[in-house]
Amino acid sequence: MPSNFIRHIIEDDMQSGKYDGRVVTRFPPEPNGYLHIGHAKSICLNFGLSIEYNGSCHLRFDDTNPGKENVEFVNSIQEDVQWLGFNWDKHLYFTSDYFDRLFDYAVALIQMGKAYVDTQSAEEIRQNRGTLKAPGIDSPYRNRPAEENLELFHKMKNGELEEGACVLRAKIDMGSPNIIMRDPALYRIRKHHHHRTKDQWCIYPMYDFAHCLSDSIERITHSICTLEFENNRELYDWILDTLGVYHSRQIEFARLNLSYTVLSKRKLIELVEGNHVSGWDDPRMPTISGLRRRGYTPEAIRNFCERIGVAKRDSMVNFALLEHCIREDLNKKAHRVMGVLNPLRVVIENYPDDLSEEMEAINNPEDKTMGTRKIPFSKVLYIEQDDFMEDPPKKFFRLGPGREVRLRYAYFITCTDVIKDETGKVVELRCTYDPETRGGDAPDGRKVKSTLHWVSEQHAVNAEVRLYENLFTVEKPAAADDFKATLNENSVQILKDCKLEPGLGTVEPGFACQFERLGYFCADIRDSAQGNLVFNRIVTLRDMWAKIQKKNKKPNKK
RNA sequence: UGGGGCGUCGUCAAGUGGUAAGACACAGGAUUUUGAUUCCUGCAUUCGGAGGUUCGAACCCUCCCGCCCCAGCCA
């Protein structure tokens, strides 16, 4: 377990007995969007800490803004947290469950002379708030007697006042250097239908008021949030101290930034609503549902969250780390299979016309307990177009005219002829095989520089394969003037006539495997079905050859 | 230029006064019926900068520089 500053705080608290050894954290999403990999960091942190210290972690929906929230989001959030592998037991809460108590706390504040109803317009309030450098000006209603405030607050509650007519404000200090403390709004009028409390309320508490008190009500020990709330901590503490209630400690950490993607809810919504992606679960999305559909595993995501660490400095994690985590997980677990994405027909001229043999293949060299399977071999095969070059460069050691290579688990073959169409495109290869090399070894000990994957034409099953790349072309799309202008046009490439080994024909949606030499792929959970296979590329394999090619290209361009 | 934070390898990140962990990335090499995996090897004489305290400083002090957050009746 890597150490981090939050663990240090908790350990100090355990030592001092500050919370009697309790550790209670919470994950408090607002149900106004789908969860993404940045939320996964917070989920792993909060739930992880509660597990590590034998405490508990609450899932609490911060549903104080009915205009933006809905049940679709609360359901997807629960699904995603569970899928990630975390369990909140009985601790499923909604801030809206506390609306009555929150209202009472507000009344108490009014009675203490610590809150007042301001009937200035939103515009006036903004103008009187001052600026970063200049202090604000007291509202003319700031010293309204408590009785009158109470009466107005009840009128707000009873729907007798219109939206925007007034707001309940904490009476703190209009001259505070911390703008958050310049009499922040606590309650506003919103005549909206709420997904849980229906039409019971027409006033809703603001985040700053609801959050600290919800933590207090649930007796949270460590209230972990992101850096942008650091300014709000003074108010968090003020409300709890003023009311004299149980006081959780707010701790802030830096949110996740990932290269080549965006992780702000606003931008993700823009991608969905602007149809730049097919939905929240588009396999290119950094949402939990998108990653799941792409084929990422919970283990890989959890491992990623552990490796990125937790600290207070703004940072940008390389997407390559996420890819490393999924490769690492799938390398151990995924079945190896052969599939040809861009088929090139190969006829083995000296192979009997109607013979077909069963070749034994290993399911996972990393895990022999996964056994073996039989793959049919015959006279006409497909290999990958990229595995043949008519005029091979120096470091290309795959198939070429006159060259000999191995077909994995099958035979050595030698290319004897190249057949082209009228445009000069290579459409078929003629080869001979060496019957002595069955299984892939030559009795005379001769070596071959390369092993290719292949599929027998008459036995192959067809599939659509979707090749995904980064959604964006630049490392920090969020920094661009218009992040949508940096969208990668080639973020998905759809291949229609891919040829897979026959065993894949009966695979269930969600099945993940390695197409040998190509990458990890997963039967799409939405679109794949028997008879209509659709595979998503999760991630490519590390590829030395691709690297060599890139290296050779670059100097020419420069 | 008010207030709150943060600056350790290309990217994350440990380190909390005793002489710079680890991971990813990258570069070499070995093994390999996946140019995969695995395995070696290399990769910060230096911690934003400058002073100071100390036998000793990434850690303490001072000043400076840079970056992030705050002027929603969003969270």
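Chain letters run A, B, ... following the sequence lines, proteins first, then strands; residues in each count from 1.
For Arg60(A) and Tyr93(A), the positive end is not near the middle of the six-membered ring at less than 6.0 Å and at most 45° from its axis.
Across all strands shown, C67(B) pairs with G5(B); the Watson-Crick or G-U wobble distances both stay below 3.5 Å. For C26(B), the paired nucleotide is G42(B), the pair qualifying as Watson-Crick or G-U wobble because both relevant distances are below 3.5 Å. Under the Watson-Crick or G-U wobble criterion, with both distances below 3.5 Å, U62(B) is paired with A50(B). Using the Watson-Crick or G-U wobble rule with both distances under 3.5 Å, U32(B) pairs with nothing in any strand shown.
Residues Asn178(A) and Glu234(A) have side chains that bring a donor and an acceptor to within less than 3.5 angstrom of each other.
Here Thr64(A) lies in heavy-atom contact (under 4.0 Å) with sugar-phosphate atoms only. Residue-level contact check: Ala185(A) touches the backbone only, with heavy atoms under 4.0 Å from sugar-phosphate atoms and none from bases. Residue Asp441(A) is in base contact, counting any heavy-atom pair closer than 4.0 Å across all strands shown. Using a 4.0 Å heavy-atom distance criterion, Arg182(A) is classed as making no nucleic acid contact. When heavy atoms are screened at a 4.0 angstrom cut-off, Asn232(A) is found touching base atoms of the nucleic acid. Nucleic acid contact class of Met206(A) (heavy atoms, under 4.0 Å, all strands): sugar-phosphate only. Looking at heavy-atom distances under 4.0 Å, His453(A) makes no contact with the nucleic acid at all. Within 4.0 Å of Arg169(A), counting heavy atoms only, lies no atom of the nucleic acid at all. Within 4.0 Å (heavy atoms only), Arg129(A) reaches sugar-phosphate atoms of the nucleic acid but no base atom. Contacts of Phe304(A) with the nucleic acid, taken as non-hydrogen atoms under 4.0 Å apart, are absent. Within 4.0 Å of Thr95(A), counting heavy atoms only, lies no atom of the nucleic acid at all. Across all strands shown, Pro135(A) has no heavy atoms under 4.0 Å from either base or sugar-phosphate atoms. Nucleic acid contact for Phe229(A): base, since at least one base atom lies under 4.0 Å from a heavy atom of the residue. Using a 4.0 Å heavy-atom distance criterion, Val448(A) is classed as making no nucleic acid contact.
The two residues Pro392(A) and Gly400(A) come nearest to each other via the heavy atoms CG-CA, 4.4 Å. Here the closest heavy-atom approach between residue Gly295(A) and residue Ile326(A) is recorded as O-CD1, 4.0 Å. Nearest heavy-atom pair across Glu252(A) and Glu230(A) is OE1-OE2, 3.3 Å.
Going from atom CD1 of Ile125(A) over to atom P of C74(B) covers 11 Å, rounded to whole Å. Rounded to a whole Å, the CD1 atom of Ile180(A) is 14 Å from the P atom of G5(B). What separates CG of Asp543(A) from C1' of A36(B) is a distance of 9 Å, to the nearest Å. The distance between atom CD of Glu306(A) and atom C1' of A14(B), rounded to the nearest whole Å, is 14 Å. The distance between atom CZ of Arg255(A) and atom P of C12(B), rounded to the nearest whole Å, is 16 Å. If you take NE2 of His192(A) and C1' of C74(B), they are 12 Å apart, rounded to a whole angstrom. As rounded to whole Å, 20 Å separates atom P of U37(B) from atom CG of Asn363(A). Atom pair Asp183(A):CG and A71(B):P shows a separation of 16 Å (rounding to whole Å applied).
Distances shown here put every side-chain N or O of Arg336(A) at or beyond 4.0 Å from the OP1 or OP2 atom of U37(B). An OP1 or OP2 oxygen of A13(B) is reached within less than 4.0 angstrom by a side-chain nitrogen or oxygen of Arg313(A).
Side chain of Arg408(A), nearest nucleotide from C68(B), U34(B), G28(B): U34(B). Here the side chain of Ile548(A) is nearest to one of C12(B), A75(B), G35(B), namely G35(B). Closest to the Ser3(A) side chain, of the nucleotides G28(B), G15(B), G72(B), is G15(B).
In this structure, Thr451(A) and Pro29(A) both approach RNA chain B, and ranking their closest nucleotides by distance from the 5' end singles out Thr451(A). Where Glu516(A) and Asn4(A) meet RNA chain B, the nucleotide closest to each residue was compared, and Asn4(A) sits on the side nearer the 5' end.
The shortest distance between side-chain heavy atoms of Phe521(A) and Gln514(A) does not fall below 4.5 Å.
The local environment of NZ in Lys155(A) is sparse, with at most 12 non-hydrogen atoms from other residues, nucleotides or ligands closer than 6.0 Å.
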#### Entry: Annotated protein contacts, base or backbone, on nucleotides 18-25 of chain B with a non-hydrogen cut-off under 4.0 Å, one of B, S, - each
-----SSS
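You can call Trp545(A) stacked on the base of G35(B); the centres are under 5.5 Å apart and the planes sit within 30°.
Across A75(B) and A58(B), the matching P atoms stand 46 Å from one another, rounded to whole Å. Rounded to whole Å, the separation between the P atoms of U46(B) and C39(B) comes to 32 Å. Comparing the P positions of U11(B) and G29(B) gives an interatomic distance of 27 Å, to the nearest angstrom.
In this structure G72(B) sits in the syn conformation; its chi angle is within 90° of 0.
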### Task
Report the C-alpha separation of Lys333(A) and Glu299(A) in whole Å, then their side-chain angles, then the decisive distance to 0.1 Å, and conclude whether the salt bridge (charged side-chain N to carboxylate O under 4.0 Å, His left out) test is met.
CA-CA 11 Å; Lys333(A) 301 195 295 207; Glu299(A) 290 81 2; 3.5 Å; yes
Report each atom pair, protein N/O against N/O of nucleotides 2-4 of chain B, whose distance is under 3.5 angstrom.
unit_1, atom_1, unit_2, atom_2, d
G2(B), N9, Leu132(A), O, 3.1
G2(B), N2, Pro177(A), O, 3.1
G2(B), N3, Leu132(A), O, 3.2
G3(B), N2, Asn231(A), OD1, 2.8
G3(B), N2, Asn231(A), ND2, 3.4

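Evaluated for a ring pair (Phe, Tyr, Trp, His ring centres under 6.0 Å) with Phe209(A), the options Tyr98(A), Tyr187(A), Tyr105(A), Phe99(A) yield exactly one hit, Tyr187(A). Residue His453(A) forms a side chain to side chain donor-acceptor pair (under 3.5 Å) with just one option from Glu516(A), Arg408(A), Arg336(A), Arg517(A), and that option is Arg517(A). Of the candidates Thr197(A), Asn65(A), Ile189(A), Asp63(A), Tyr204(A) forms a side-chain contact (heavy atoms from CB on, under 4.5 Å) with just one, namely Thr197(A). For the side chain to side chain donor-acceptor pair (under 3.5 Å) test with Gln127(A), the passing option among Glu123(A), Glu124(A), Arg129(A) is Glu123(A); the others fail.
Under the 6.0 Å cut-off for aromatic ring centres, Tyr207(A) and Phe229(A) qualify, their centroids lying closer than that.
Evaluation of atom-type donor-acceptor distances gives no pair under 3.5 Å for the side chain of Glu366(A) against the base of U38(B).
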